[in-house]
Each structure stands twice: as structure tokens, then as C-alpha cells.
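First comes the structure, then the notes that go with it.
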Amino acid sequence: MAVESKVNRQATCSAPVNIAVIKYWGKRDEKLILPTNSSLSATLDQADLKTTTSVALSSEFDSDRLWLNGKEESITNPRLQNVLQKIRSLASERAQTDEEKAVLDAHVHIVSVNNFPTAAGLASSASGYACMVYTLAQVYGVTDYELSKIARVGSGSACRSMYGGWVAWNMGTRDDGDDSFAEQTHLADHWPGMKILILVVSDRKKGTSSTSGMGTSVRTSELLQHRITEVVPKRMAAIKEAIEARDFAQFGEITMRDSNQFHAVCLDTYPPIFYMNDTSKAVVQMVTQYNTMKGEVKAAYTFDAGPNAVIYAMEDAMAEIASLTSHFFPSTTPDTFFRGTTTAPPAPSAELLSHFTIAQQPEDSLQYGINTQPGPGPQVLTDEECLLDSSGLPKATSA
Ligand code: DP6
């Protein structure tokens, strides 16, 4: 694409959201964002959830600027500054030609949009920072570096969004964080038929942020110390084996136990933190009774730092979970409730319902569901998808 000469370089990329099955909760270094335990997640399909970011770099820009979901935001956020500074110092180590040296003095314009509502409380900082780092790395020519280490200083969980499929974030032990990075354990298509359903809870209350919540947990929760030393190392090994063997019963049990323990740590934090609400608890009961009926773990729930539920299940079980969800969590807009790859599920049979004792929840306790699955990591997009115009400002559609 022809660009006006004042823009020296530009790139547009997309990056995925990830949902942890072994949770990251706790930092041993708050500036470098070094965790107190390793974690493991699935990267979600970008057809359903993604961030797209364009970066333009020009010697004619007066300052660094950032637009998020159509609104200009301050660039002074210390985490953002840390990310920019790390990318620039890498570029400076590599600069040889005059053009490469001139790039170091130029400013950037960054435009970033999500294809999912940020207000829904879905993990947008992970895909957001992953996308920003990936795109900046293209523009600054530093893609040969282990970029998950830079995404990590934006937001811990963002390092896992730098890869597709199943991704482990190895906590590392070094003080400088050089051994704390993400790595793919299995490809996105390793486990055919694996489905992921996100249930967005209708709850607009602003809860405790992950950053401040985990800080209080590290300072006050004895259970967290036990989790760090005794529980997570064994679970990391066991869940990798379960994924390798495509053993859903093992995978699902570990996933649910780890979510339960993370929320138990929140309760053990002083003062306590509550992320799950009554709707979340009803989802737990629905999944538990489903597994009891099947005599085996066929579906697994997990909850992050908010009330939204994420359910992992194989395709056939997920079809039943979807129809049970539409029964127990009635919606006033059932035809548009499930977004993503499937259409509205059939009503559950009387026989299926006879195995459940949970009550139907109040209408619209859940806002909507997103059907998705594991997917690939960040992608470089074409110039046609650029969110900036030729003068380096957001295009009307992205502003
Ligand atoms: C509960 O990555 O949002 O989602 O590093 O402070 O930005 P910061 O925290 P963040 O924490 C995510 C916590 C979690 C569990 C997880 O994703 O592993």
C-alpha cells in the first residue's frame, strides 16, 4: 500500500484472548511482573475474540499517542511505558543503518480495537498487550526476541496470548525475569472437538482488579503459599499429561479444582475478595450435576477475576451444556444469546432435565454466551486492515 512519506514504518496485527486452566495469581516482582507460580491456558479462536492493533512510526509525529476502542488514552501508564521502553532498547541494540537509528528518535501512534465488548469483563488486557507488543516488534524489527517476556511486563497473562493452542507460562526463578516466559505446549488443533463456552454474567459491578487482588493475596493468604509450593507444580505436570493424552476427565477435574482453589485463595485473602456471584455458583452446580449424571467429568468450569464462567467440554457434551444453559438461565432474547460458531440449541429433553435439582435462574442472569475453541497465536495482517490513515491518525471506522 502506498503510504505518505511522513510515515516511516507501520504494521497491523491481531492477537487472541486466553483462558487459564491453571491460574496465575500472585507476583514475586510487581514491576517486572514475575509470578509466584507457573500457569497454563488455552488460546481462544480469534474468529470469536481478538484485539487488532496498528502501529505507525514517523519522524514527523510530535509525541507517542494511543487510541483504544475509538478513544484516545493517556500513554503515561507505567506498564505501557515499560513495554515501549523494552522494545526501543532492543531496537537500539540492533540499530546499524541510518534509517534504523532514525527510528529510535521517532514517535509511534498506536490504535487498538477489540472485536468483543470490553465492558463485559472479558480478559482484554491479555489480548491488548499481546497485540501491542507483537505489532510494535514488527515495526521496530525485533521479532527475533522472545516477545512473551515483553508482553509479560504489560500484563502477566498477556505473555500466554503470544502463542496459539495450549500455552504454559513458566514462572522462572531469576530476579531479572529472563527465564519467565510463555511457551506453546500443544498446537491449537492437537485436541479435535475441544470446545470452549464463555458465559457472560449480567453484572456490571466493578470488582477488585486482578492486580490489586493478587497483591493482597500474596500479603495475607496462607493458602496461597501452600498453593504455590505444593499444589501448582504437581498440577502443571498433570494437566500437561492430560492434554497430551487428550484425557478429558483428568483435564476437567484439574481445571475445576484449580479454579476452586484460586477462588478459595480469594476467600482466604484478608479482607476477602469475592469474584463469583450467585449466577456463577449456579453454573458450577449445573456442570457438577451434569458430570454426576454422566458418571464421569465431561464438562469443566473455570472462573477468572470476575463472575463470568468459562466451560470446557468436547463437542457432544457442549451441545448438551448449551441446551441446559438455555433452560436454567432463560434469556429474553434466546435467538441471539449464543454468539460465535453455533446456532440456538434445542430445548433439553424431560429425561435430561430429570437429573437436575437446580432451580431455573432469574431471566437474563446471563447476558450471552460465546462459543469458541482453541485457536492460533498473533497474526500479521495486511495493509488493507490498517486502522490508521496515511497521515497516521485513526481511520473514521476505528476512531
Ligand atoms: C485470574 O494478567 O490480569 O485471570 O499481571 O496484574 O496484569 P496483571 O494481572 P492479570 O491476571 C490474570 C489473573 C487471572 C488468572 C490467569 O489468567 O491466569
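Order of appearance sets the numbers: ligands from 1, and atoms from 1 within every ligand.
- Distances below 4.0 Å separate heavy atoms of T211 from the following atoms of ligand 1: 6 (O), 7 (O), 8 (P).
- Separation of the W166 and F251 ring centroids falls under the 6.0 Å cut-off.
- At least one side-chain heavy atom of V231 sits less than 4.5 Å from a side-chain heavy atom of H226.
- Here is the list of ligand 1 atoms found below 4.0 Å of a heavy atom in M214: 9 (O), 11 (O).
- Across T51, N115, T52, a single residue satisfies side chain to side chain donor-acceptor pair (under 3.5 Å) together with S127, and that is T51.
- Counting heavy atoms closer than 4.0 Å to ligand 1, residue E30 contributes nothing at all.
- Using a distance-only test at 3.5 Å, with no hydrogens or angles considered, a donor-acceptor pair links the side chain of S202 to the main chain of D364.
- Counting heavy atoms from C-beta outward, W67 and L387 have side chains that stay 4.5 Å or more apart.
- Sorted by first and then second residue, the salt bridge (charged side-chain N to carboxylate O under 4.0 Å, His left out) pairs involving residues 20-44 (not counting sequence neighbours) are K23-D304.
- N8 and S59 share a side-chain donor-acceptor pair at under 3.5 Å.
- Checking only distances, Y24 does come within under 3.5 Å of ligand 1, N or O to N or O.
- Under a 4.0 Å criterion applied to the non-hydrogen atoms of R79, ligand 1 contributes the atoms 6 (O), 7 (O), 8 (P).
- For ligand 1, the atoms lying closer than 4.0 Å to a non-hydrogen atom of I33 are 5 (O).
- No N or O atom of N18 sits closer than 3.5 Å to an N or O atom of ligand 1.
- Close approach to S210 involves these atoms of ligand 1, each under 4.0 Å from a residue heavy atom: 3 (O), 9 (O), 11 (O).
- Partners of D105 under the side-chain hydrogen bond (donor to acceptor under 3.5 Å, both in side chains) rule, at least two apart in sequence or in another chain, do not exist in this structure.
- Each of the following atoms of ligand 1 lies closer than 4.0 Å to a heavy atom of F262: 1 (C).
- Close approach of ligand 1 to K27 is summarised as follows: ligand atoms under 4.0 Å from at least one heavy atom of the residue are 5 (O), 6 (O), 8 (P).
- Ligand 1 has no nitrogen or oxygen under 3.5 angstrom from a nitrogen or oxygen of K23.
- Residue-ligand proximity, A20 to ligand 1, at heavy-atom distances under 4.0 Å covers atoms 16 (C), 17 (O), 18 (O).
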